[in-house]
Structure formats: structure tokens, C-alpha cells
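What follows is one structure encoded as C-alpha cells, with my remarks underneath.
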Protein chains: 2
Amino acid sequence: MGIAMNIGQAAEASGVSAKMIRHYESIGLVPRADRRNSGYRDYGPQDVHRLGFVRRARDLGFPLERIRVLLGLWGDPGRSSAEVKALALSHIGELEGKARHLQEMAGVLRGLALSCDGDERPDCPIIAGLEAGPVPPSGPCTGRPTSRSSSAKPPSRRSPSPDRR
Amino acid sequence: MGIAMNIGQAAEASGVSAKMIRHYESIGLVPRADRRNSGYRDYGPQDVHRLGFVRRARDLGFPLERIRVLLGLWGDPGRSSAEVKALALSHIGELEGKARHLQEMAGVLRGLALSCDGDERPDCPIIAGLEAGPVPPSGPCTGRPTSRSSSAKPPSRRSPSPDRR
DNA sequence: GGTTGACCTTCCCATGATGGGAAGCCGCAA
DNA sequence: TTGCGGCTTCCCATCATGGGAAGGTCAACC
């Protein structure tokens with residue numbers, strides 16, 4: 001099994017699905033595989049190794065176009081590690097930017113959820129926040145979030161209710 | 001102008017692009033807008049308000065299907081804030097999960113980048129890491145540590161089958 | 001030999017949210 | 001009336017991945 005595998009075996013060995021292997025081939029990310037007489041693709045250790053490289057790069061969040069570059073650098077004996085490092089650092093920046101963005105959103109939502117009683121009544125600062133706009137940190141007359149905490153709540157009524165037509 | 005706007009004006013007022021407003025209508029996220037004789041869509045303050053709600057929910061990372069639910073809760077006088085809160089908390093969980101995932105990837109990559117000289121020579125632990133597998137901190141001679149996708153499958157009986165053209 | 005069933009092939013479609021652009025109609029102003 | 005910009009619908013593209021159909025291939029088993 002070492003020296004000639006089906007796409008399914010290559011998929012299992014590399015961790016890349018057969019579907020994706022074909023796709024990567026179709027977009028030229030990996031070279032066209034050899035074919036047997038039957039038309040079946042045939043993979044050797046080299047190919048599997050390359051597929052593993054691709055999978056690990058994907059696991060680190062690299063987009064395919066960047067992986068294309070990485071593969072180029074991988075196979076280029078004249079590369080400088082500085083190039084690789086720059087690529088990696090830039091990618092790290094993107095990852096962290098996205099992570100920060102997600103956490104920002106989670107933070108805002110957490111703030112809203114904190115002031116939501118979560119009981120059976122309809123009053124809800126979360127809905128109110130979505131209705132009225134994102135509370136800009138320390139806005140002037142934002143009476144939104146910290147309005148009431150846990151006291152005196154008469155059986156409220158509804159919000160402006162979308163209807164029309 | 002306050003009480004009857006084009007899609008463009010509604011877009012500007014709500015912060016949702018005209019393209020997206022049409023899309024949201026087409027998937028039934030917002031009700032079909034009134035039309036003028038000309039066929040132009042016509043929006044009133046209520047509509048703009050609803051679009052603003054959608055935009056803010058999107059800004060907080062809610063997927064459209066969840067926004068659909070949020071809109072339903074918004075317009076439901078009998079809702080309980082617990083429902084809303086549960087939805088929000090679940091979404092917070094997802095956001096944080098994704099953020100954690102991104103940071104994990106960034107962390108691994110940072111580790112590799114740290115040990116990369118970044119000079120003009122080709123030797124590069126980043127490339128090596130991609131080649132050899134996710135470096136489990138201080139692994140000896142990592143052969144094939146994390147064989148994913150290789151579990152829970154009855155062993156295929158097919159052999160490599162020599163056939164090559 | 002024939003059957004079976006897992007595997008392979010290609011091709012099309014779907015996701016989620018958004019945008020680009022074409023072809024053609026509408027509205028307002030000069 | 002001409003002109004321009006906004007509106008309409010419809011199709012395509014993104015990014016990475018998967019689902020599934022229709023049909024060919026392969027190895028094993030009876």
C-alpha cells in the first residue's frame with residue numbers, strides 16, 4: 001500500500017477528503033494525479049505528503065491561495081525563511097483580527113444579556129438593544145442598558161411590533 | 001420623504017444595502033415591500049426600523065436564520081425574555097468558540113514563527129511544521145501523531161491493486 | 001462465469017452573506 | 001426631449017466544503 005493508492009486511500013492517509021483532493025487538483029493547487037488505465041487516480045507517497053501539507057496549512061486557517069504560495073516556497077530551495085515568516089505573521093494578524101472581532105461581538109451581546117432577567121416576561125434589553133442601536137460606549141443619553149436591574153417590574157407590554165401591511 | 005422612501009433611501013437610513021434589502025425580502029426575512037405604480041419598492045419608517053434591527057443583529061454576528069427568530073420574538077408580545085436570552089447566550093457561545101478556534105490557530109502559528117529566524121536562508125520551522133504535522137509541544141520524532149478521519153470504519157478490503165498504466 | 005457491493009469517475013447543486021454587473025424601465029430636471 | 005441616475009430582475013462570483021446522481025471499475029465470493 002505504500003506505493004500506489006486510490007484517491008480514497010490517499011484521502012485517509014492525508015486527512016484530506018477525496019472530494020477535496022479532486023477539487024484541489026481542479027484548481028491547480030496540487031498537480032494532476034497520474035491515472036491508471038481504468039481512469040482511477042493514482043497517488044504515491046510524495047502526493048500524500050503534499051496533501052498532508054495542504055491539510056495542515058488549512059488546519060491553521062490558511063486560505064487556499066496562500067497555501068498555493070506556501071507550496072511554492074516549500075518546493076523552492078532558494079526560498080528565504082523571511083518570506084515564509086512574513087506570510088505566517090501576516091496570517092497570524094488576520095486570525096487575531098477575526099478573533100478580536102468575534103470577541104467584540106460576544107462582549108457586546110454579553111453586556112446586553114447580563115441585564116436581561118431571562119424570565120417569562122417580554123421585557124428584554126437584548127431586544128431593546130437590537131431595536132435601538134448598539135450602545136456606543138458611554139453615549140450621552142443612552143438610557144438603554146442599565147435601566148433596571150431587579151426591582152419593580154409591572155407586567156409590561158410589547159415593543160413596537162413590526163407589522164405594516 | 002419621511003414617510004415614503006425608495007429602496008436606496010431606506011438602505012441609507014437603515015444601513016442595509018439595497019442589494020441586501022432585496023435579498024432579505026426574497027428569502028422572506030422581511031415582508032414584501034409595498035410597490036408604487038412604477039414597480040418601485042416603497043418603504044416607511046416601520047420598515048426602516050425593522051431593517052435597522054436586522055442590521056444590528058447582523059453586526060452582532062447573528063446568522064440570518066436566527067435573526068428570523070429574533071424578529072419573530074420582537075413582534076411577539078407574548079414572548080419571554082428567557083427565550084431571547086437563551087438565543088443570545090447560545091450565540092455568544094458560538095462566537096466565543098469560533099474566537100477560541102482562531103486564537104488556537106494563531107497560537108500554534110506564533111509558536112512556529114517564534115522559532116523561525118526569518119533570514120535569507122531556506123531553513124524554516126514553519127515549513128517544517130506544515131510538512132511534519134502539528135507540532136505537539138516538544139514531540140520527539142513525530143511520525144503520524146494525529147491521524148484524523150481514520151476511525152470508525154470497517155477496514156476496506158481492497159488492496160492497492162497493481163494496474164498502473 | 002456471474003453477482004455483489006464498495007469504490008471510482010464526472011457533473012451539477014447547495015451552503016451563507018454579500019457583491020458585481022447587465023439589460024431595461026422610471027423619474028426628475030434642464 | 002434628452003440625459004442621467006435610480007430602480008427593476010436575473011445571473012454570476014466569492015470561499016471551502018459536501019451531497020448526490022449516473023455510470024464505469026475492481027476484487028471477492030458463490
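It should be emphasised that the depicted structure is a prediction, and the values quoted were computed from it without experimental measurement.
- We find that CZ of A/R32 is positioned 15 Å from C1' of C/dT10, with the value rounded to whole Å.
- Rounding to whole angstrom units, CD1 of residue B/I21 and P of C/dA17 are separated by 17 Å.
- Distances shorter than 4.0 Å separate some side-chain N or O of A/Y24 from OP1 or OP2 on D/dT17.
- Between B/R36 and B/F62, the residue whose closest nucleotide on DNA chain C is further toward the 5' end is B/F62.
- Counting only N and O atoms by type, the side chains of A/S81 and B/D117 include no donor and acceptor under 3.5 Å apart.
- What separates CE of B/M105 from P of D/dA16 is a distance of 12 Å, to the nearest Å.
- Contact annotation: A/S17 side-chain N/O to D/dT17 OP1/OP2 distance is not under 4.0 Å.
- Between B/H49 and B/W74, the angle of the ring planes goes over 60°, which puts this pair in the perpendicular group of the 30/60° scheme.
- Distance alone, capped at 3.5 Å, places no donor-acceptor pair between the A/R58 side chain and the A/I67 backbone.
- Atom NZ in A/K19 sits about 16 Å away from atom P in C/dT15, given to the nearest Å.
- Computed from coordinates, the B/E94 CD to C/dG16 C1' distance equals 13 Å when rounded to whole Å.
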Per-nucleotide protein contact string for nucleotides 2-8 of chain D (B base, S sugar-phosphate only, - none; heavy atom under 4.0 Å): ----BSB

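- Both B/L112 and A/V69 are assigned to one and the same hydrophobic cluster, defined by single-linkage of ILVMFWY side chains at heavy-atom distances under 4.5 Å.
- Nucleotide D/dA16 holds its C1' atom 14 Å from the NE2 atom of B/H101, rounded to whole Å.
- With DNA chain C read from its 5' end, the first of the two nearest nucleotides for B/L64 and B/N37 is the one closest to B/L64.
- Within 6.0 Å of CZ in B/R36 there are more than 12 heavy atoms belonging to other residues, nucleotides or ligands.
- The side chain of A/S38 contributes no N or O atom lying less than 4.0 Å from OP1 or OP2 of C/dC8.
- In this structure, A/R79 contributes its side chain and B/P122 its backbone to a donor-acceptor pair below 3.5 Å.
- The shortest side-chain heavy-atom distance between B/R41 and B/Y43 falls under the 4.5 Å cut-off.
- A/E65 places its CD atom 12 Å from the C1' atom of D/dA16, with the value rounded to the nearest Å.
- When rounded to the nearest whole Å, the span between CE of B/M20 and C1' of C/dG19 equals 7 Å.
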